[in-house]
Number of protein chains: 2
Amino acid sequence: MTDRPLQEPTLLLLTALADEPRHGYGLIQEIDAISQGRVRMRTGTLYGALDRLLQQGLIQVEREEIVDGRARKVYALAEAGRSVLAAEAERLRAVVDEAERRLAGHRAPATRPKGALA
Amino acid sequence: MTDRPLQEPTLLLLTALADEPRHGYGLIQEIDAISQGRVRMRTGTLYGALDRLLQQGLIQVEREEIVDGRARKVYALAEAGRSVLAAEAERLRAVVDEAERRLAGHRAPATRPKGALA
DNA sequence: ACATCATATGCCGGTCACCGATATATATAG
DNA sequence: CTATATATATCGGTGACCGGCATATGATGT
């Protein structure tokens with residue numbers, strides 16, 4: 001399946017769905033808020049990613065509704081998406097920790113015995 | 001330019017250079033260590049990324065040397081690369097924090113069979 | 001009446017980072 | 001003498017993301 005690391009827009013999408021279900025346009029706004037206005041997700045990215053994540057089973061359409069005459073699809077994080085997001089967050093945190101440790105000047109021994117590579 | 005968020009292989013590359021200069025193959029091994037063996041960077045990704053990062057001024061060739069009859073290029077993190085990595089780490093940490101915060105305040109979605117629809 | 005912004009979904013062409021394979025070369029271990 | 005580790009490099013393909021465009025309604029402004 002998709003063992004590949006998530007790119008940031010996708011990571012933000014799953015994060016925006018982690019607390020409650022939202023519809024497409026609401027996700028754009030939520031991502032804008034999460035990133036302190038630094039990320040404006042394009043609709044091209046959004047709906048493409050939504051389709052992809054649906055197909056991968058990481059999210060699901062919770063319901064469809066009509067608000068003020070405008071149709072909405074409300075997406076929810078699926079179980080699979082929840083665990084993928086958790087794993088991804090844990091992995092990324094480790095990398096970020098390591099980056100900041102090294103930038104701070106502490107040389108944490110990441111050294112391993114020779115021949116560790118298969 | 002480098003306004004776009006770094007992808008993970010690139011992030012790992014800069015991280016691997018953050019404590020000391022390394023040559024190409026050494027970077028593959030270091031990234032293997034940092035990621036606890038989870039990421040095996042391909043040479044196609046590595047040398048392509050190295051060229052790109054050189055051109056962006058995020059890294060530089062510190063020296064070239066010959067060890068045991070094999071040529072090496074030793075790369076070092078440039079000042080620009082150091083600040084980009086720092087900014088990227090800070091940004092990613094915020095996203096990861098937010099993701100874990102939302103996951104912890106768990107709101108499990110109704111696991112509905114497909115076909116259920118409003 | 002007309003314009004324009006905010007809301008809302010969706011498609012399509014292009015770009016580029018990454019992947020996998022391949023090529024080349026030396027040193028060491030079996 | 002063959003395989004593995006070390007070491008650099010190129011190339012074609014894939015796919016996520018970007019930017020632009022199309023479409024439609026409701027609210028606000030002039």
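For clarity, every value in this text was computed on a predicted model and none was experimentally measured. Every heavy atom of this structure was used, including side-chain atoms; hydrogens, water molecules and symmetry mates were not. Sequence lines set the chain letters: A, B, ... in the order given, protein chains first and strands last, and positions in each chain run from 1.
Two residues, A:D51 and B:L11, neighbour DNA chain C, and the one matched to the more 5' nucleotide by heavy-atom proximity is A:D51. Residue whose closest nucleotide on DNA chain D sits further toward the 5' end, between A:P9 and B:V74: B:V74.
For A:K73, taking side-chain heavy atoms from C-beta onward, the closest of the listed nucleotides C:dG10, D:dT10, D:dC17 is C:dG10.
What separates OH of B:Y47 from P of C:dC19 is a distance of 15 Å, to the nearest Å. Rounded to whole Å, the distance from CZ on B:R72 to P on C:dT26 is 17 Å. When the P atom of C:dC5 is taken as reference, atom CD of A:Q29 falls 17 Å away, rounded to whole Å. Atom P of nucleotide C:dA17 and atom CD of A:Q7 are separated by 11 Å, given to the nearest angstrom. A straight line from CG of A:D68 to P of D:dT28 spans 11 Å, rounded to a whole angstrom. Rounded to an integer number of Å, the gap from B:L50 CG to D:dT8 P is 9 Å. With rounding to whole Å, A:R52 atom CZ is found 16 Å from C:dG10 atom P. Atom pair B:I31:CD1 and C:dC18:C1' shows a separation of 13 Å (rounding to whole Å applied).
The environment of CD in A:Q29 is crowded: more than 12 heavy-atom neighbours from other residues, nucleotides or ligands sit within 6.0 Å. Counted within 6.0 Å of CD on B:E90, heavy atoms from surrounding residues, nucleotides or ligands total 12 or fewer; the atom is thus considered open.
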Requested in this report: Could you walk me through whether A:K73 and A:E64 pass the salt bridge (Lys or Arg N to Asp or Glu O under 4.0 Å) test, one step at a time?
Outcome: CA-CA 5 Å; A:K73 278 182 195 162; A:E64 299 186 41; 5.3 Å; no

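Defining each end axis of the helix from C:dA1-D:dT30 to C:dG30-D:dC1 as the rotation carrying four pairs' C1' atoms onto the next four, with five pairs an end, the two axes are found to diverge by 10° to 10 degrees.
If you chain together hydrophobic residues whose side chains sit under 4.5 Å apart, A:V61 and A:V84 fall into the same group.
Counting only heavy atoms from C-beta outward, the side chains of B:L77 and B:L14 approach each other to under 4.5 Å.
A heavy atom lying under 4.0 Å from DNA chain C marks the following residues of residues 33-46 of chain A, by number: A:T43, A:G44.
With respect to the salt-bridge test (charged N to carboxylate O, under 4.0 angstrom), the residues A:D97 and B:R93 qualify.
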List the atom pairs, with distances to 0.1 Å, where a side-chain N or O of residues 38-52 of chain A and a protein N or O form a donor-acceptor pair under 3.5 Å, not counting sequence neighbours.
from	atom 1	to	atom 2	distance (Å)
A:R38	NE	A:S35	O	3.4
A:R38	NH2	A:Q36	OE1	2.6
A:R40	NE	A:D32	OD1	3.0

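Across all non-hydrogen atoms, the minimal contact from B:V74 to B:P21 is CG1-CB, 3.6 Å.
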